[in-house]
S.K.: 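My structure is below; once you've seen it, I'll send some questions.
Values below: every heavy atom of this structure, side chains too, minus hydrogens, waters and symmetry copies.
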2 protein chains.
Amino acid sequence: MILIIIIFVIVRRKSKQREAIIKVLRVPTSHPSAEWIYEQVKKEIPGIGLSTVNRNLRALEKVGEVLELHAFSNTARFDGNSNTHYHFYCEGCGKILDLDEPIDPTIETRIARKTGLKVTRHHLELGGLCLGCQKHKLPTDNQFER
Amino acid sequence: MILIIIIFVIVRRKSKQREAIIKVLRVPTSHPSAEWIYEQVKKEIPGIGLSTVNRNLRALEKVGEVLELHAFSNTARFDGNSNTHYHFYCEGCGKILDLDEPIDPTIETRIARKTGLKVTRHHLELGGLCLGCQKHKLPTDNQFER
DNA sequence: CTATGTGCAAAATTTTTGCAAGCTT
DNA sequence: AAGCTTGCAAAAATTTTGCACATAG
């Protein structure tokens, strides 16, 4: 409840479209794509556009009300080092840094034992601002180096 | 060296294109996009096509020689629960499950102190096969539920 | 009334696919 | 020779944007 109030303090106005989208997002254990949310909301508001869904998701994500999973950007990024290691993503400039944090080798088997899932990989991702972007306050330009 | 041999055991043939792509991927601390790799490789093989780069990245990723970062699929997925919690992605059917693994509240500050980075979020992602997909061996159809 | 939000259509991005030609073994 | 692999072009798939109209406060 408090959360919902906070949303509307930041995302200024309420619209039935936005409310319907949030309602879908509140379905527990749902991890939908924009398209899926769109399909659900259309049952309630047939005329809604997919771009409205996308716009609201971006807005809600920006105020931290929704997590966008597994997406540094909407471009795939690759790493030639396929050993498990952890990453830091700078939200300012898009740089990805390797962390030399020691990996926890027990986590995969521990969760596998607990849940029955077959776990074949794991990945820890931190997000924030790199040294350069903290200093300049404005994002540095570099996109893909380092 | 052994790794490279293994690649070619699985990705059958060698081509100068593939070798050039792998060479770019081997640049330490580089986390490039397909486009960036393409630009680099073009310096060596001007006629290469972007689709060749993409095809090779998929192939290398499939044999585990390259990590694709932060990408369950190439569609954005959202989570209405923005509290830090961890996820399991089933590579068979695309389901995403919440894990109730306790989060480590010290990790952000620990890494921030060690590196000077400003860390504002972290996310742990496990990958593997869900119960259904283990049983059927073939992926279940469901894409976005649960 | 005014600033936001919406729908629609077009544009932009990114990734995948079909196919003929070229290489690797 | 056989069959992977490539380049090119077209198609798909996804997300973003411009603009006129609608609506919340």
S.K.: Is the ring pair B/His87/A/His31 parallel, tilted or perpendicular, if the boundaries are 30 and 60 degrees?
M.R.: perpendicular
S.K.: Hey, does B/Arg58 reach any base, or is it just sugar-phosphate, or nothing, if we go heavy atoms under 4.0 Å?
M.R.: sugar-phosphate
S.K.: What is the distance from CD of B/Glu19 to C1' of C/dC23, rounded to the nearest Å?
M.R.: 13 Å
S.K.: Rounding to a whole Å, what distance do you find between B/Lys16:NZ and C/dG22:C1'?
M.R.: 10 Å
S.K.: Send over the distance from B/Gln17 CD to D/dC4 P, rounded to a whole Å.
M.R.: 17 Å
S.K.: Send over the distance from A/Ile37 CD1 to D/dT14 P, rounded to a whole Å.
M.R.: 14 Å
S.K.: Establish whether the base of D/dC4 is bridged to the side chain of B/Ser15 by a donor-acceptor pair shorter than 3.5 Å.
M.R.: no
S.K.: If you check the B/Asn56 side chain, which of D/dT23, D/dT6, C/dT15 turns out closest?
M.R.: D/dT6
S.K.: Measure from CD on B/Glu39 to P on C/dT13 and round the result to the nearest Å.
M.R.: 14 Å
S.K.: Can you check salt bridge (charged side-chain N to carboxylate O under 4.0 Å, His left out) on B/Arg121 and B/Glu108, steps first, answer last?
M.R.: CA-CA 7 Å; B/Arg121 61 188 181 77; B/Glu108 295 188 11; over 6 Å; no
S.K.: B/Ser51 has a side chain; which of C/dC8, D/dC8, D/dG25 sits nearest to it?
M.R.: D/dC8
S.K.: Does a donor on one side chain sit under 3.5 Å from an acceptor on the other, for A/His85 and A/Asp100?
M.R.: no
S.K.: Just how far, in rounded Å, is P of D/dA9 from CZ of B/Arg55?
M.R.: 14 Å
S.K.: Give the rounded distance in Å between these two atoms: NZ of B/Lys14 and C1' of D/dG3.
M.R.: 18 Å
S.K.: Taking atom NE2 of B/His122 and atom CG of A/Leu124, what is their separation to the nearest 0.5 Å?
M.R.: 6.5 Å
S.K.: Would you mind reading off the distance between B/Arg18 atom CZ and D/dG7 atom P, rounded to a whole angstrom?
M.R.: 12 Å
S.K.: Would you indicate which nucleotide in D/dT14, C/dT16, C/dG7 comes nearest to any side-chain atom of B/Thr75?
M.R.: D/dT14
